[in-house]
J.: 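After the structure tokens below, expect a handful of questions from me.
Proteins get letters first, then strands, A, B, ... in listed order; numbering begins at 1 in each.
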Amino acid sequence: LKDANAKLQQLSKRKLWKEMQAILQDIRRKGHRPNIELYMLVISTLLERRLPAAAQKVLEEMAEDDLQPNSVAYYLVINGWCEARRVDEALNLVSSMRKSGIQLTVSMFNTIIKGLGAEKRARDAMKVLRIMEKHETLKPTVITYNILMNAWSEEENVKEAWTVMGMMRKAGVAPDVVSYNTLVKAYGKLNRPDDCERVMREMVDAPLRPDEQTFGLVVKAYCEQKRMEEALSLVKRMKRYNVVPNITIFTTLMKGFAKASKPDGAAQVFEMIKEQGIEPDIASFRTLMNAWSSSDQPDRARVTLDELLEAGLQPDVEIFSILAKGYLRVREGQKAEKLLEEMKNYGIQPNVVTYTTIISAYCSKSGEMEEAMRVFQAMQNAGVRPNVFTFGTLIWGYCESMKPRKAEELLAEMERMGLEPD
RNA sequence: CCGACUUAGCAAGG
């Protein structure tokens with residue numbers, strides 16, 4: 001058993017779940033009893049690989065061995081089903097647990113409510129919460145209510161989110177910062193920054209202190225509307241609440257400037273980051289590069305890339321895809337394609353986005369469809385599967401260059417590959 | 001008793 005334990009530890013690191021299952025079976029066949037730790041290791045590996053069905057089987061084997069799995073083990077499997085968008089399986093498991101008298105916990109229901117929300121079933125999630133409210137020992141906590149509020153917010157139903165807030169107050173549970181942030185988020189999705197501000201004021205009256213996330217959400221709402229003046233002034237107002245703007249908020253601002261076609265604004269924000277003594281992270285570099293690339297200035301994106309390298313950060317596939325987009329916008333297919341070599345030097349594998357961007361660059365110029373098709377071939381030779389975007393781009397390119405026959409051929413090829421044209 | 005589970009930022013001219 002000790003031996004098996006060590007072996008399983010190794011396999012778990014490499015996520016070799018099939019081998020782990022085999023060892024577990026072997027132990028049991030020989031009439032030994034694996035201990036709880038062994039079982040848990042296999043279960044968590046299976047769940048990491050998104051195999052809740054297999055994990056549940058192991059859970060059942062544990063029970064056969066008279067090892068009562070603890071509630072964390074059950075929670076993990078329930079959560080696994082929910083993350084795999086199979087909430088009904090999670091619900092089945094819960095009802096069989098109830099029949100066998102296995103301890104249920106609030107976390108289990110929290111994850112189910114979240115899963116229902118992810119399946120756009122907030123209405124069902126609401127029912128689950130109401131059942132919990134009537135239960136003696138499984139009363140919803142502030143987290144439960146928040147999860148449900150978020151489910152409504154995802155469905156852009158701010159009215160029901162408020163309803164949940166009312167329910168929690170009625171149940172004697174005080175809304176917290178997360179509850180209010182969720183409402184702010186809901187209004188943000190609805191493009192109503194002014195209502196975001198209103199919720200923030202209500203939050204202050206509660207009294208609760210808005211945090212970085214609150215401001216981040218409101219700043220984003222202004223940015224979506226391209227109301228950059230207000231976004232900036234809100235960031236300045238943060239100090240009054242003793243909240244220091246962080247890298248996320250600055251990045252949100254940069255994205256807003258990029259969206260508003262104001263790359264210089266993004267560059268200024270980038271300077272602000274450094275002035276605050278914050279080290280820009282890879283995401284902020286990407287956002288600034290994207291601001292340059294989206295505004296047809298690949299050379300400036302290139303300068304930013306140099307700065308990234310000087311800062312000692314590792315460029316990644318997204319960085320190069322963004323740079324390729326810059327060349328796409330100025331219709332420089334060759335320069336975009338040349339990035340492939342550069343990436344090779346860094347040991348970065350181009351992905352479907354990178355290739356599709358390069359293909360678009362060729363497609364955007366009449367008479368370069370052959371180049372586009374060459375890259376399309378190279379991509380497949382490199383083992384990268386084209387997707388609907390890739391085909392859509394090529395089909396568009398052929399249509400633009402008045403070659404509908406070619407476009408039709410691609411449409412057929414797409415279907416042969418099992419891709420659904422949209 | 002303490003944790004854990006909930007809410008913000010970034011890439012593809014279709």
Side-chain angles (χ1 to χ4, degrees), chain A residues 71-72 75-76 78-79 82 105-114 117 140-151 153-154 161 175-186 188 196 210-221 223 245-256 258-259 266 269 280-291 293-294 301 316-326 328-329 331 336 350-361 363-365 386-400 407 410 421-422:
Chain A
S71 57
V72 176
Y75 165 81
L76 289 173
I78 291 169
N79 190 42
C82 294
T105 68
V106 174
S107 313
M108 291 171 190
F109 287 95
N110 286 352
T111 196
I112 283 173
I113 289 175
K114 188 181 179 189
T141 68
V142 61
I143 292 178
T144 318
Y145 288 104
N146 288 346
I147 293 171
L148 183 55
M149 286 178 70
N150 188 53
S153 149
E154 291 291 342
D176 65 4
V177 179
V178 175
S179 323
Y180 282 96
N181 285 356
T182 305
L183 284 173
V184 172
K185 172 180 158 177
C196 292
D211 63 6
E212 286 89 344
Q213 294 199 31
T214 320
F215 287 99
L217 286 159
V218 186
V219 168
K220 188 181 180 190
C223 288
N246 60 15
I247 186 91
T248 300
I249 290 174
F250 285 122
T251 306
T252 306
L253 268 176
M254 286 199 290
K255 170 83 174 165
K259 189 184 173 93
V269 174
D281 63 3
I282 186 88
S284 57
F285 272 105
R286 279 190 206 116
T287 308
L288 179 58
M289 283 181 67
N290 189 41
S293 281
S294 312
D316 59 17
V317 62
E318 293 189 20
I319 291 282
F320 281 98
S321 301
I322 291 166
L323 191 49
K325 170 173 158 179
L328 152 64
R329 309 217 54 145
R331 304 184 178 190
N351 63 18
V352 59
V353 177
T354 326
Y355 279 112
T356 303
T357 308
I358 297 167
I359 290 168
S360 304
C363 288
S364 68
K365 218 165 166 184
N387 62 17
V388 183
F389 259 96
T390 320
F391 278 100
T393 303
L394 283 164
I395 290 170
W396 170 80
Y398 273 128
C399 291
E400 287 292 302
L410 281 165
D422 57 7

J.: Among side-chain atoms of N290(A) and T287(A), is any donor-acceptor pair under 3.5 angstrom?
T.: no
J.: Report which part of the nucleic acid T251(A) touches: base, sugar-phosphate, or nothing (heavy-atom distance under 4.0 Å, all strands).
T.: base
J.: Answer with base, sugar-phosphate or nothing: what part of the nucleic acid does D211(A) contact at a heavy-atom distance below 4.0 Å?
T.: nothing
J.: What's S321(A) touching, base or sugar-phosphate or nothing? Going by heavy atoms closer than 4.0 Å.
T.: base
J.: What nucleic acid atoms does Y145(A) come within less than 4.0 Å of, heavy atoms only: base, sugar-phosphate, or nothing?
T.: nothing
J.: Classify the nucleic acid contact of T356(A) as base, sugar-phosphate or nothing, counting any heavy atom under 4.0 Å across all strands shown.
T.: base
J.: Is the backbone of M149(A) close enough, under 3.5 Å, to the side chain of S153(A) for a donor and an acceptor to pair up by distance?
T.: no
J.: In terms of side-chain heavy atoms, does N351(A) have a donor or acceptor partner in T354(A) at a distance below 3.5 Å?
T.: yes
J.: With a 4.0 Å cut-off on heavy atoms, is D176(A) in touch with a base, just the backbone sugar-phosphate, or nothing at all?
T.: nothing
J.: Could you go through the side-chain contact (heavy atoms from CB on, under 4.5 Å) check for N79(A) and Y75(A) one step at a time?
T.: CA-CA 6 Å; N79(A) 190 42; Y75(A) 165 81; 4.1 Å; yes
J.: How about F391(A) and P421(A): do any of their side-chain heavy atoms sit closer than 4.5 Å?
T.: no
J.: By the 4.0 Å heavy-atom rule, please label I247(A) as base, sugar-phosphate, or nothing.
T.: base
J.: Describe the nucleic acid contact of S107(A) in one word from base, sugar-phosphate, nothing, applying a heavy-atom distance below 4.0 Å.
T.: base
J.: Do K185(A) and N150(A) have a side chain donor and acceptor closer than 3.5 Å?
T.: yes
J.: When all nucleic acid strands are considered with a 4.0 Å heavy-atom cut-off, which category describes I143(A): base, sugar-phosphate, or nothing?
T.: base
J.: So what does V142(A) hit on the nucleic acid, given a heavy-atom distance under 4.0 Å: a base, only sugar-phosphate, or nothing?
T.: nothing
J.: For D316(A), report the nucleic acid contact type (base, sugar-phosphate, nothing); a contact means any heavy atom under 4.0 Å.
T.: nothing
J.: Identify the 5'-most and 3'-most nucleotides of RNA chain B with at least one atom closer than 4.0 Å to a non-hydrogen atom of chain A.
T.: rA4(B) to rG14(B)
J.: Just do the side-chain contact (heavy atoms from CB on, under 4.5 Å) check on I282(A) and I319(A) with the steps written out, would you?
T.: CA-CA 9 Å; I282(A) 186 88; I319(A) 291 282; 4.1 Å; yes
J.: Heavy atoms under 4.0 Å, any strand shown: does N79(A) hit a base, just sugar-phosphate, or nothing?
T.: nothing
J.: NA contact type, N110(A), heavy-atom cut-off 4.0 Å: base, sugar-phosphate, or nothing?
T.: base
